[in-house]
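All ligand and atom numbering here is 1-based and tracks the order in the structure. Throughout, residue positions are numbered sequentially from 1 according to the sequence presented. From a predicted model like this one, the values you see are computed outputs, not experimental measurements.
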Amino acid sequence: MIRLPDPRSASRWCAQQRARCGDDALGYVPTMGALHRGHLSLVERAARENRAVCASIFVNPLQFDDADDLRRYPRNEARDHDLLERAGCDMVYGGTLAEFFPESENAAANITVNPPDAIIVSDTNAFMRDLEGAHRRGHLQGVRAIVERLFATVGACNAYFGAKDFQQTLVVKDLARAFDGIRVVVCPTVREPSGLALSSRNQRLHADQLAVAAQLYQALLAARAEWRAGRRERDAIEAAMREILRDARITLEYVAVRDPETWDDIWENTINDTKTNATTRAIALVAARIGAVRLIDNLRLDDADQE
Ligand code: AMP
């Protein structure tokens, strides 16, 4: 596996691979490192579906709303490189904030948390504003800003993202429309046997906290059980989730049920005086803190995925 130090050299390598393998044969997996089986499932899939695969490791300060979270974010580059290579990755690259955002004065200092005004984009899309957008100010803006630069670096490719960060996949799909030849592939969430979604931040949980964290998945399963039993009232499904998460060790930020395609949570149709959603699509989402660690997860309630 080739290790490249900056976006410029990565860009050249990607262009060479397209010339060698064709425009639709380069797979790309963006990450922030501290890799686990969730990340590697994306790389393995990219390796199965493409003739060349690259990944990036960049802990993007712009998407952190909390300097402490950024400081504590786990980093282990040597281990990550080894795992990437074994999963079938051909090239990994990184860079500094200043290399990705040469136009930003703040970036030169490499300490920015949240996007500086110079690179902020307008958030006209509903999915930029609420849930993650509301609870982590600037987070999705920061994601959008860096993914735009990562896409510009790699160019035409099949780009693999995890469903675990569902709102992020909406941002990324929206962004990809502005690029020629970038196809976004959303992959299923990889979980522990307990149901806990794998996350780099899980490393910061103690054994007893890991057991508490698994309740997030139980809450999502409760939502799905309600849905499968024919329940369509958003408030009732959310209440079933809250009921599971009534644990003093869990600080709940939100539970939500949305249409995963329109991001609609307005359940307009009134049947027998009850607001219901006529859609056949739904996704339940949750965010909570356990100690100092913030976790998010989600689950399709309809049968759109096989989890
Ligand atoms: P991150 O390093 O957290 O930015 O994640 C890099 C990519 O891996 C993102 O597309 C994530 O959605 C994806 N990812 C993170 N955790 C998981 C997981 N448990 N299962 C599948 N994909 C994941």
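With a heavy-atom cut-off of 4.0 Å, L35 does not touch ligand 1 at all. Contact annotation: for S200 versus ligand 1, there are no heavy atoms closer than 4.0 Å.
Ligand-side atoms of ligand 1 in range of T189: 19 (N), 20 (N), 21 (C), range being under 4.0 angstrom from any heavy atom. Short contacts between ligand 1 and F161, defined as distances under 4.0 Å to a heavy atom of the residue, involve ligand atoms 10 (O). Within ligand 1, the atoms closer than 4.0 Å to a non-hydrogen atom of P30 are 6 (C), 7 (C), numbered from 1 in the order shown. Interface of T31 with ligand 1, defined as ligand atoms under 4.0 Å from a residue heavy atom, comprises 2 (O), 6 (C).
Some N or O of L198 is nearer than 3.5 Å to an N or O of ligand 1, by distance alone.
No continuous path of hydrophobic side-chain contacts links V185 to V147 [ILVMFWY only; heavy atoms under 4.5 Å].
A salt bridge does not link R149 to E99: none of the charged side-chain nitrogens sits closer than 4.0 Å to a carboxylate oxygen. With respect to D259 and R281, a salt bridge is recorded, a charged nitrogen being found less than 4.0 Å from a carboxylate O.
From the protein, the heavy atom lying nearest to atom 10 (O) of ligand 1 is G162 N, 2.9 Å. Scanning the protein heavy atoms around atom 8 (O) of ligand 1, the nearest turns out to be H39 CD2, 3.3 Å. The protein heavy atom nearest to atom 21 (C) of ligand 1 is P188 O, 3.5 Å. At the top of the distance list for atom 17 (C) of ligand 1, counting protein heavy atoms only, stands H36 CE1, 3.7 Å. In terms of protein heavy atoms, atom 20 (N) of ligand 1 is closest to V190 N, 2.8 Å. If you check which protein heavy atom lies closest to atom 4 (O) of ligand 1, you get M32 CG, 3.6 Å. Considering only non-hydrogen protein atoms, atom 12 (O) of ligand 1 sits nearest to D165 OD2, 2.6 Å.
The shortest distance between side-chain heavy atoms of L26 and N158 does not fall below 4.5 Å. Between Q167 and D130, the closest side-chain pair of non-hydrogen atoms falls below 4.5 Å.
Looking at N50, its side chain never comes within 3.5 Å of a backbone N or O of V53 through a donor-acceptor pair. With hydrogens and angles ignored, the 3.5 Å screen pairs a side-chain donor or acceptor of R18 with a backbone N or O of A156. At least one donor-acceptor pair closer than 3.5 Å links the side chain of H39 to the backbone N or O of H36.
Ring geometry for F151 versus Y28: interplanar angle over 60°, hence perpendicular rather than tilted (30 to 60°).
Considering each of A55, G38, A34, the one bringing a non-hydrogen atom nearest atom 23 (C) of ligand 1 is G38.
Ring-centre distance between F58 and F100: below the 6.0 Å cut-off.
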